[in-house]
Student: 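Quick one: the structure is below, questions incoming.
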Amino acid sequence: MHLKHYDHDGRARFVTFCTHRRIPILTNNLFRQITCEEVFAFCQSTRTRLLAYVIMPEHVHLVIVPPDTLKLGPAIGNLKQNIAKRIVAVLKDRNSRLLQTLAVERGGIKYLAVWLKRCFDHNCRDEESVWKCVNYCHWNPVTRKLVASPENWKWSSYAYYLEVPDNLLVLDVSAGKDLLKTTDAD
């Protein structure tokens, strides 16, 4: 079954993309930082407003408002590709054993797969739906028992909503201007 995608309607979208075989690649703070940097670059280059995010060990959630002109599927594909290139470069530089786990062959072509091929997205039909998705992002690490409280998970937008200065991506929800604060990857 082929699902219909509704681009160009000006609504917020809840996007999820997962690592290949749900391997917890994003437990490494450097890889999390790379992901934040690439999400920022994606938002800047596509003029996409970022409302919320969370980086989990094996997936990423974004609540975004893409411009009406953006085809979201291919754009998220490019984002995933940019993150993957940088992660693979680090893995190769370190001669990591993880490279063997990421090796796949499809159609006779061998390559390294960091992400599942598809992403999942949901149109937020109203403001309540947007806030449900934002809260889902922020509480995901708690639900997964990675932390006791959302403010303890550095890799989400929760700190922004609390107006805590130590957060990675600063969101200007009203104006859509996203700024990346530089931080040292732990």
Side-chain angles (χ1 to χ4, degrees), residues 3-20 25-26 28-93 102 111-124 129-131 133-134 136-138 140 153-161 165-185:
L3 297 177
K4 175 110 174 95
H5 289 275
Y6 293 95
D7 288 323
H8 321 299
D9 71 354
R11 296 182 191 186
R13 305 283 283 276
F14 181 55
V15 177
T16 302
F17 49 97
C18 303
T19 59
H20 176 67
I25 298 168
L26 301 174
N28 176 310
N29 285 341
L30 174 59
F31 296 164
R32 292 171 175 159
Q33 181 69 34
I34 287 169
T35 303
C36 284
E37 291 169 3
E38 291 299 331
V39 166
F40 171 73
F42 163 80
C43 289
Q44 289 294 102
S45 68
T46 63
R47 296 179 306 124
T48 294
R49 292 179 57 201
L50 179 63
L51 305 181
Y53 72 94
V54 65
I55 299 169
M56 298 294 289
E58 69 294 311
H59 66 278
V60 175
H61 292 301
L62 305 173
V63 181
I64 58 175
V65 181
D68 289 344
T69 56
L70 186 71
K71 288 206 56 85
L72 190 60
I76 294 296
N78 288 337
L79 169 61
K80 290 167 35 182
Q81 186 177 41
N82 292 339
I83 296 168
K85 283 179 184 177
R86 290 183 61 192
I87 288 174
V88 166
V90 170
L91 292 173
K92 286 181 175 179
D93 187 53
L102 299 178
Y111 63 97
L112 298 172
V114 173
W115 303 106
L116 290 177
K117 284 182 84 170
R118 296 192 46 95
C119 70
F120 308 94
D121 71 286
H122 162 78
N123 288 5
C124 300
S129 177
V130 172
W131 284 110
C133 292
V134 168
Y136 183 87
C137 286
H138 296 158
N140 199 203
W153 189 253
K154 177 181 177 178
W155 305 99
S156 85
S157 53
Y158 189 80
Y160 171 79
Y161 285 96
D166 184 27
N167 56 73
L168 300 173
L169 288 172
V170 178
L171 319 172
D172 182 345
V173 176
S174 62
K177 296 178 182 174
D178 309 320
L179 305 171
L180 181 66
K181 293 174 93 178
T182 54
T183 63
D184 294 346

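No hydrogens, no waters, no symmetry mates; every other heavy atom, side chains included, goes into these values.
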Student: Can you confirm whether L112 sits close enough to K92 that some side-chain heavy atom of one is under 4.5 Å from a side-chain heavy atom of the other?
Tutor: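 Counting from C-beta outward, L112 and K92 do come under 4.5 Å.
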Student: When you compare the side chain of Y136 with that of F14, does any pair of heavy atoms fall below 4.5 Å?
Tutor: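 Heavy-atom side-chain distance check passes, below 4.5 Å.
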Student: For residues C18 and T16, report the shortest heavy-atom separation together with the two atoms involved.
Tutor: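 Minimum heavy-atom contact is SG-CG2, 4.1 Å.
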Student: Sequence neighbours left out, what passes side chain to side chain donor-acceptor pair (under 3.5 Å) with Y111? Give chain and number order.
Tutor: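 Y111: side chain to side chain donor-acceptor pair (under 3.5 Å) contacts with R106.
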Student: Do you know the tightest heavy-atom contact between H138 and S157?
Tutor: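 Reported closest heavy-atom pair: NE2-OG, 2.6 Å.
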Student: When rounded to the nearest 0.5 angstrom, what is the spacing between CG in L91 and CG in L102?
Tutor: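 Here the interatomic distance stands at 6.5 Å.
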Student: Test V88 against every option in V114, D93, I83 by the side chain to side chain contact (heavy atoms under 4.5 Å, CB included) rule and name the one that passes.
Tutor: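 Passing option: V114.
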Student: Looking only at non-hydrogen atoms, find the nearest pair between S129 and C124 and report the distance.
Tutor: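 Closest heavy-atom pair between S129 and C124: OG-CA, 3.4 Å.
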Student: How about V90 and I34: do any of their side-chain heavy atoms sit closer than 4.5 Å?
Tutor: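 V90 vs I34: side chains touch.
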Student: Hey, what do you get for CG (D68) to CZ (R11), rounding to the nearest 0.5 Å?
Tutor: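 It is 11.5 Å, given to the nearest 0.5 Å.
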Student: Are the side chains of H20 and K117 in contact, using a 4.5 Å heavy-atom criterion?
Tutor: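 No - every pair of side-chain heavy atoms lies 4.5 Å or more apart.
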Student: Measure the shortest side-chain to side-chain distance between Y53 and T35 over non-hydrogen atoms and say whether it is less than 4.5 angstrom.
Tutor: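 Not touching, per the 4.5 Å side-chain cut-off.
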Student: Rounded to the nearest 0.5 Å, what's the gap from CD1 on I55 to SG on C36? Could you check?
Tutor: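 Here the rounded value is 3.5 Å.
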Student: Any chance you could measure F17, atom CZ, to L79, atom CG, to the nearest 0.5 Å?
Tutor: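 Answer rounded to 0.5 Å: 4.5 Å.
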Student: Which is it for K154 and R32 under the side chain to side chain contact (heavy atoms under 4.5 Å, CB included) test, yes or no, and what are the steps along the way?
Tutor: CA-CA 10 Å; K154 177 181 177 178; R32 292 171 175 159; over 6 Å; no
Student: For the CD atom of Q33 and the CH2 atom of W155, what is their distance to the nearest 0.5 Å?
Tutor: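 The CD atom of Q33 sits 5.0 Å away from the CH2 atom of W155.
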Student: How long is the straight-line distance from CG of L62 back to CZ of R13, given to the nearest 0.5 Å?
Tutor: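 Result: 12.0 Å between the selected atoms.
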Student: Using ring-ring contact (aromatic ring centres under 6.0 Å, His included), reason through Y161 and W131 one step at a time and then give a plain yes or no.
Tutor: CA-CA 12 Å; Y161 285 96; W131 284 110; 5.7 Å; yes
Student: For S45, give me all partners under side-chain contact (heavy atoms from CB on, under 4.5 Å), at least two apart in sequence or on another chain.
Tutor: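 S45 satisfies side-chain contact (heavy atoms from CB on, under 4.5 Å) with no other residue.
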Student: For residues 73-85, pull every pair meeting side-chain hydrogen bond (donor to acceptor under 3.5 Å, both in side chains), keeping only residues two or more places apart or in separate chains.
Tutor: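 Pairs touching residues 73-85 that pass the test: none.
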Student: Could you tell me whether the side chain of T48 reaches within less than 4.5 Å of the side chain of F42, counting heavy atoms only?
Tutor: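 Answer yes - side chains close enough.
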Student: Grab the two heavy atoms, one from L116 and one from T19, that are nearest each other, plus how far apart they are.
Tutor: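 Closest approach of L116 to T19: CG-O, 3.6 Å.
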Student: Go through the structure and list residues passing side chain to side chain donor-acceptor pair (under 3.5 Å) with H59, not counting sequence neighbours.
Tutor: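 With sequence neighbours excluded, H59 shows a side chain to side chain donor-acceptor pair (under 3.5 Å) to H61, N140, given in chain and number order.
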Student: Please enumerate all residues that pass side chain to side chain donor-acceptor pair (under 3.5 Å) together with N28, with sequence neighbours excluded.
Tutor: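 Partners of N28 under the side chain to side chain donor-acceptor pair (under 3.5 Å) test: none.
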Student: The criterion is side-chain contact (heavy atoms from CB on, under 4.5 Å); which residues satisfy it with V65, sequence neighbours excluded?
Tutor: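 Applying side-chain contact (heavy atoms from CB on, under 4.5 Å) to V65 gives A12, R49, L51.
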Student: Using atom types as modelled and distance alone, determine if a side-chain donor or acceptor of W153 lies under 3.5 Å from a backbone N or O of V54.
Tutor: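 Not at all, since once roles are kept as given, no pair shorter than 3.5 Å links the two residues.
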